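The structure appears right after this line, and notes come after that.
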Amino acid sequence: MDESRVRNEIVSGNISLGIELGSTRIKAVLVSDDFQTIASGDYLWENELDNGIWTYPLEKVWDGIQTSYATLALQVHDKFGVDIKKIGSIGVSAMMHGYMAFDKNGEILVPFRTWRNNITGDAAEALTKLFNFNIPERWSIAHLYQAILNDEKHVKDIHFMTTLAGYVTWKLSGEKVIGVGDASGMFPIDEATVTYNKKMADKFSSLPEVKKYPWNLLDILPTVLPAGKKAGELTDDGAKLLDQSGTLQGGSLIAPPEGDAGTGMVATNSVKKRTGNISAGTSAFSMVVLDSPMKAVHRDIDMVTTPDGAPVAMVHTNNSSSDINAWVGLFGEFAKALGLQLKPDDLYGTLFAESVKGDQDAGGLVNFAYLSGENITRMPEGRPLFVRKPDSKLNLANFIKTQIYSAFAPLKIGMDILLREEHIKTNVLVAQGGIFKTPVVAQQVLADALNTPISVMENAGEGGPWGMAVLALFCVNRKNGEALEDYLANRVFKDATTATLYPEEASVQGYDKFIDNYKAALPVESEAVKAMKMKN
């Protein structure tokens with residue numbers, strides 16, 4: 001689309017805004033009706049450990065959104081010479097799960113408890129047995145039930161609970177709604193009705209410890225909507241909250257808020273049965289859209305849905321690339337001390353290229369990239385730990401290879417359940433995330449780790465907010481009866497460019513040896529957790 005046409009589309013409001021609140025970055029992306037990115041803005045943030053709880057202050061939520069939007073709006077003004085006054089459709093996505101509970105006045109009752117907390121073990125185990133359905137620790141219902149088991153005072157005052165994306169959408173539109181994919185991280189979804197599973201909700205409500213509270217579970221949860229449905233409109237107050245300059249007008253169509261898993265599926269064209277995607281960042285997760293039910297309940301496999309309600313098997317790990325970032329930052333400091341000013345892309349590119357020279361098993365080195373607890377390996381708290389034996393081959397290539405290997409290790413352990421025990425078949429696995437912005441290296445490691453072909457699309461580093469903007473456009477442009485998978489295949493990704501790498505047998509064997517060493521060293525990680533607890 002040429003510049004003059006883009007300018008006209010901006011003036012007419014024939015554009016879509018996607019906002020995603022990720023674990024390390026809030027990003028806003030403005031998209032044209034042919035799915036091209038017009039402008040973007042972002043805001044870096046980090047979760048905070050407050051009295052043992054991983055959280056993000058609500059002030060930073062809005063500071064991040066407003067900063068991202070302002071940066072985007074300035075880009076539009078500078079490039080096209082116009083201001084954004086109207087936006088056709090807006091969608092908000094965010095990291096899934098967690099716990100946000102509000103009273104009748106709309107005030108949050110306790111600080112936002114994020115997916116990163118491993119504090120609901122008793123509740124998750126009890127609910128999994130009650131429902132015969134895996135309830136992960138990070139799900140909203142696990143947080144609610146744990147608060148009940150803990151006899152927390154705020155529970156009696158709950159009037160509404162939602163996710164981060166649901167919260168932001170509520171404040172922009174006044175509507176207490178949620179997309180079905182995001183809702184599936186709050187409470188199990190009934191595929192037939194595309195809303196909360198009523199039988200399970202009734203079981204929960206019948207528990208003696210739940211009965212004593214004045215609310216009913218289904219009354220305090222947000223209304224579930226599938227992709228393509230209108231979730232509301234941007235109010236005038238919402239417009240002022242989003243755009244502090246006061247230029248933006250209300251009236252934009254609001255799409256159902258989604259989780260980052262859902263936008264990842266959209267951004268990688270992975271909502272059709274037997275497709276899947278992998279997203280790697282602070283955390284990592286894989287999503288495989290099922291064409292048949294799972295044979296068993298697995299504590300390491302979450303059952304969620306696509307944004308239009310199809311069942312998905314999800315492997316979620318709390319840790320992925322954060323430790324790589326920390327080590328690369330250290331090498332950057334060393335380079336600076338030598339008088340070398342290296343751009344981040346050059347630094348990552350140089351170190352990742354060096355890793356290719358390493359031994360296939362990373363020389364016997366092991367790294368646990370656990371900045372927080374890890375459910376897959378049953379670690380309650382994070383203890384980043386680099387481990388080697390006296391005869392391990394420590395050199396730069398092996399060290400960096402170990403960092404990349406370890407970023408995918410918990411995901412590999414979880415995916416083996418799907419691939420080897422459930423024999424789940426996929427036609428394609430598409431990867432996205434910042435770690436794949438450095439070409440080939442991490443993509444090849446992932447292909448070898450899972451022994452599965454891995455594809456990367458051109459938008460691998462920026463998929464989430466763009467995927468949310470596409471979902472918002474789907475609400476506006478959807479033809480009568482058009483399915484999301486057809487909309488993506490026939491319109492959005494019709495001419496998409498994809499690069500696929502295949503597993504290499506020697507590297508597959510090398511990664512398997514690394515995983516054997518990794519599993520063997522897990523007791524060392526466990527002892528580190530225990531020792532640091534004793535010290536504290």
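Keep in mind that this is a model prediction, so the values were computed, not measured.
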Report task. For Asn150, check side chain to side chain contact (heavy atoms under 4.5 Å, CB included) against everything at least two apart and list the hits. Result -> Gln146, Glu152

Query raised in the report: Given the side-chain rings of Phe102 and Tyr167, with only the six-membered ring counted for Trp, is the space between their centroids under 6.0 Å?
Result: yes

Query - Sequence neighbours excluded - side-chain hydrogen bond (donor to acceptor under 3.5 Å, both in side chains) pairs with any residue from residues 102-111 - result: none

Query raised in the report: Do Glu381 and Arg383 meet the salt-bridge criterion of a basic N to acidic O distance under 4.0 Å?
Result: yes

Query - Flag for Ser270-Thr275: side-chain donor and acceptor within less than 3.5 Å - result: no

Report task. Test salt bridge (Lys or Arg N to Asp or Glu O under 4.0 Å) on Arg25 and Glu20 and set out the steps. Result -> CA-CA 8 Å; Arg25 181 174 66 162; Glu20 182 155 286; over 6 Å; no

Query raised in the report: Ring centres of Phe204 and Tyr145 under 6.0 Å apart?
Result: yes

Report summary line: So OG1 of Thr163 and CH2 of Trp139: to nearest 0.5 Å the spacing works out to 13.0 Å

Query raised in the report: Do Asp300 and Asn375 have a side chain donor and acceptor closer than 3.5 Å?
Result: no

**Report entry** Flag, side chain of Thr55 to backbone of Phe112, donor-acceptor distance under 3.5 Å
**Finding:** yes

Report task. Please report the shortest heavy-atom distance between Val476 and Gly88, naming the atom on each side. Result -> CG2-O, 4.5 Å

Query raised in the report: From Asp42 CG over to Trp45 CH2, what is the distance, rounded to the nearest 0.5 angstrom?
Result: 13.0 Å

Query raised in the report: Is the backbone N or O of Ala407 less than 3.5 Å from a side-chain atom of Ser320, with the two atoms forming a donor-acceptor pair by type?
Result: yes

Query raised in the report: Should the pair His316 and His97 be assigned to parallel (<30°), tilted (30 to 60°) or perpendicular (>60°) ring geometry?
Result: perpendicular

Query raised in the report: Less than 4.0 Å between a side-chain N and a carboxylate O, is that true for Lys412 and Asp416?
Result: yes

Query raised in the report: Is Lys272 salt-bridged to Asp291, cutoff N-O under 4.0 Å?
Result: no

Query - Qualifying residue for side chain to side chain contact (heavy atoms under 4.5 Å, CB included) with Val289, from Thr426, Val312, Asn277 - result: Val312

Report task. Salt-bridge test for Glu421 and Lys295: reply yes if a basic N is under 4.0 Å from a carboxylate O, no otherwise. Result -> no

Query raised in the report: Is the backbone of Ala469 close enough, under 3.5 Å, to the side chain of Ser16 for a donor and an acceptor to pair up by distance?
Result: yes

Report task. Could you walk me through whether Asn319 and Arg116 pass side-chain contact (heavy atoms from CB on, under 4.5 Å), step by step? Result -> CA-CA 9 Å; Asn319 301 276; Arg116 200 168 196 174; 3.9 Å; yes

Report task. Rounded to the nearest 0.5 Å, what's the gap from CG on Leu17 to CD1 on Ile15? Could you check? Result -> 8.0 Å

Report task. Kindly check if the number of other-residue, nucleotide or ligand heavy atoms within 6.0 Å of NZ (Lys273) is above 12? Result -> yes

Report task. Ignoring hydrogens and angles, state whether a donor on the side chain of Thr377 or Tyr370 is under 3.5 Å from an acceptor on the partner side chain. Result -> yes

Query raised in the report: Sub-3.5 Å donor-acceptor pair from the side chain of Asp243 to the main-chain atoms of Ser245, do we have one?
Result: yes

Requested in this report: Take atom CH2 of Trp327 as the centre, draw a 6.0 Å sphere, and report whether it contains more than 12 heavy atoms from other residues, nucleotides or ligands.
Outcome: no

Requested in this report: Go through Asp237 and Thr235 one step at a time and tell me if the side-chain hydrogen bond (donor to acceptor under 3.5 Å, both in side chains) criterion holds.
Outcome: CA-CA 5 Å; Asp237 287 341; Thr235 63; 5.5 Å; no

Query raised in the report: Is Lys171 atom NZ crowded by more than 12 heavy atoms from other residues, nucleotides or ligands, each under 6.0 Å away?
Result: yes

Query raised in the report: For residues Asp190 and Tyr196, is any side-chain donor paired with an opposing acceptor at under 3.5 Å?
Result: no

Query raised in the report: Does Thr120 reach the main-chain N or O of Ala123 with its side chain, forming a donor-acceptor pair under 3.5 Å?
Result: no

Query raised in the report: Run the salt bridge (Lys or Arg N to Asp or Glu O under 4.0 Å) check on Lys156 and Asp151 step by step: do they pass?
Result: CA-CA 10 Å; Lys156 69 181 186 307; Asp151 200 25; over 6 Å; no

**Report entry** Lys176 to Phe160 six-membered ring, cation-pi geometry met (6.0 Å, 45°)
**Finding:** yes

Query raised in the report: Where do Tyr518 and Phe368 land on the ring pair (Phe, Tyr, Trp, His ring centres under 6.0 Å) test, with the steps shown first?
Result: CA-CA 8 Å; Tyr518 186 93; Phe368 295 102; 4.7 Å; yes

Requested in this report: Measure the spacing between CG of Asp202 and CG of Leu217 and express it to the nearest 0.5 Å.
Outcome: 9.5 Å

Query raised in the report: So, Thr195 side chain and Val224 main chain: donor-acceptor pair closer than 3.5 Å or not?
Result: no

Report summary line: Separation between CG (Asn47) and NZ (Lys60), nearest 0.5 Å, reads 10.0 Å

